[in-house]
Visitor: 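Take a look at the following structure, please.
Keep in mind the model is a prediction, meaning the values are calculated, not measured.
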Amino acid sequence: MADHQRIHPDPVEPTPDIESQQKPTVPLVPRGSSRSENGHPTQPYPPFQRTIPVQYSKPPKKKNWCRRCLCCTLCVVLTLVIVIGVLAAIVYFGFDPKLPKYSVDGMTITQFSFNTDNSLSAQFNVNITARNPNTKIGISYEGGSKLTVIYMGTVLCEGSWPKFYQGHRNTTVLNVPLTGQTQDATGLLSSLQAQQQTGTVPLVLRAKVPVRIKLGKLKLPKWKPVVRCRVNVNTLSADNVIRIMDSSCSFKFKL
């Protein structure tokens, strides 16, 4: 009987894991990098750098102050213009203002003499008619007035406009005395004599009179109107009848 021999296969040695035996010489993930959730390396973070905040230059405070001042000034001026416009509309439509009227109706000369020191002495009496055509506005003529008679730019005499109150639709006749003395009047007298030969002597009467306008029971602040009258007379001599050939007066308000 033949011996049955059991043949055992030779043990097979496990194949060594080459990948596990070989140590990597280069790191799979570079140093300084991090691994993402998917296992892939990401780029390294840049080194931390401190940033300096940018500072913008502020505009000068002077410009801002100038702009505010300009805006405030414009607002104030605009407000004043609106208020004045409203008041003017109320006065115009509520009181129907009209300018007063004046006329020179007579003139007498009590003295007009040439002195030994080449001066000229003059005394005039002037009759002026003042008319207030307003039905709701009164005029109060205050003190500090001045009325002058002027010939060729030279003041011959001067006086004061009387103080009085002129009511609604009132006409008042004034008699104003004026006196004066002109120094070194030789040239003035020669010009006057030549002018009298023509039969017309031009004079100017100028009055500066502070007045207060009364609107109903309300009195406005003082205003300073100027009354200017151009008068042509036939002669300038004492003890003679002075005839007024023509005259025209204007009235202007001055604040």
Visitor: To the nearest 0.5 Å, what is the distance between CZ on R228 and OG on S248?
Guide: 10.0 Å

Visitor: Walk me through it: do I242 and T108 pass the test side chain to side chain contact (heavy atoms under 4.5 Å, CB included)?
Guide: CA-CA 6 Å; I242 307 300; T108 58; 5.8 Å; no

Visitor: If you group Ile, Leu, Val, Met, Phe, Trp and Tyr by side-chain heavy-atom gaps below 4.5 Å, do L99 and I213 land in one group?
Guide: yes

Visitor: Could you grab the distance from atom CG of N127 to atom OG of S103, nearest 0.5 Å is fine?
Guide: 10.0 Å

Visitor: Could you state the interatomic distance from CD1 (I150) to CD (E158), rounded to the nearest 0.5 Å?
Guide: 9.5 Å

Visitor: Run the side chain to side chain donor-acceptor pair (under 3.5 Å) test on N115 and S121 for me, step by step, so that the C-alpha distance in whole Å, both residues' side-chain angles and the decisive distance to 0.1 Å come before the verdict.
Guide: CA-CA 7 Å; N115 304 318; S121 299; 2.9 Å; yes

Visitor: Using a 3.5 Å distance criterion without hydrogens, assess whether the side chain of T198 forms a donor-acceptor pair with backbone atoms of Q195.
Guide: yes

Visitor: Is it true that the side chains of Q123 and T179 contain a donor and an acceptor less than 3.5 Å apart?
Guide: no

Visitor: Would you mind reporting whether V201 and N234 have side-chain heavy atoms less than 4.5 Å apart?
Guide: no

Visitor: So do P100 and I139 actually touch side chain to side chain, heavy atoms under 4.5 Å?
Guide: yes

Visitor: Can you tell me how far apart SG (C69) and CG (L74) are? Round to the nearest 0.5 Å.
Guide: 9.5 Å

Visitor: Determine whether the side chains of D246 and N232 contain a donor N or O and an acceptor N or O closer than 3.5 Å.
Guide: yes

Visitor: Do M152 and L156 sit in one hydrophobic cluster, given that two such residues count as connected whenever their side-chain heavy atoms are within less than 4.5 Å of each other, even indirectly?
Guide: yes

Visitor: Hey, any chance L220 and I84 share a hydrophobic cluster, counting ILVMFWY side chains that come within less than 4.5 Å of each other, even indirectly?
Guide: no

Visitor: With side chain to side chain contact (heavy atoms under 4.5 Å, CB included) as the test, would you mind laying out the steps for F112 and L192 before giving the verdict?
Guide: CA-CA 12 Å; F112 197 83; L192 179 59; 3.3 Å; yes

Visitor: With heavy-atom distances below 4.5 Å as the criterion, would you say the side chains of N132 and R169 are in contact?
Guide: no

Visitor: Would you indicate whether the side-chain heavy atoms of L178 and L147 approach each other to under 4.5 Å?
Guide: yes

Visitor: Do the side chain of T79 and the main chain of C75 share a donor and acceptor less than 3.5 angstrom apart?
Guide: yes

Visitor: Before giving the answer on side chain to side chain contact (heavy atoms under 4.5 Å, CB included), spell out for I244 and V104 the whole-Å C-alpha distance, their side-chain angles and the decisive distance to 0.1 Å.
Guide: CA-CA 8 Å; I244 296 177; V104 179; 3.8 Å; yes

Visitor: Looking only at heavy atoms, what is the nearest atom pair of Q196 and S237, with distance?
Guide: OE1-N, 4.4 Å

Visitor: Would you say that L205 contacts V231 through its side chain, given a criterion of any heavy-atom pair below 4.5 Å between the two side chains?
Guide: yes

Visitor: How long is the straight-line distance from CZ of F95 back to CG of L215, given to the nearest 0.5 Å?
Guide: 5.0 Å

Visitor: What I'd like to find out is whether the side chain of T135 reaches to under 4.5 Å of the side chain of D96, using heavy atoms alone.
Guide: no

Visitor: Drop me the distance from L120's CG to F114's CZ, to the nearest 0.5 angstrom.
Guide: 7.5 Å

Visitor: Show the numbers, then the answer: is there a side chain to side chain contact (heavy atoms under 4.5 Å, CB included) between Y165 and K214?
Guide: CA-CA 10 Å; Y165 173 77; K214 187 177 180 181; 3.8 Å; yes

Visitor: Write out all pairs satisfying ring pair (Phe, Tyr, Trp, His ring centres under 6.0 Å) with one or both partners inside residues 121-144, taking only residues at least two apart or from two chains.
Guide: Y141-W161, Y141-F164

Visitor: Looking at every heavy atom in both P133 and K98, which two are closest together, and how far apart are they?
Guide: CG-CB, 3.9 Å

Visitor: Indicate yes or no: at least one non-hydrogen side-chain atom of T172 is less than 4.5 angstrom from one of R131.
Guide: no

Visitor: When hydrophobic residues are tied together by side-chain contacts of less than 4.5 Å, even through go-betweens, does Y102 share a cluster with W223?
Guide: yes

Visitor: Can you run down the disulfide bond (SG atoms under 2.5 Å apart) pairs that involve residues 146-238, sequence neighbours left out, and say none if there aren't any?
Guide: C229-C249

Visitor: Using atom types as modelled and distance alone, determine if a side-chain donor or acceptor of N170 lies under 3.5 Å from a backbone N or O of N134.
Guide: no

Visitor: Does E142 come within less than 4.0 Å of K163, counting only side-chain N to carboxylate O?
Guide: no

Visitor: Take atom CE in M245; do more than 12 heavy atoms of anything else shown fall under 6.0 Å from it?
Guide: yes

Visitor: So, for G143 and P210, which heavy atoms are closest and what is the spacing to 0.1 Å?
Guide: O-CG, 3.4 Å

Visitor: Are any of the side-chain heavy atoms of T182 and S119 separated by less than 4.5 Å?
Guide: no

Visitor: Is there a path of hydrophobic side-chain contacts, each under 4.5 Å between heavy atoms of I/L/V/M/F/W/Y residues, joining V155 to L236?
Guide: no

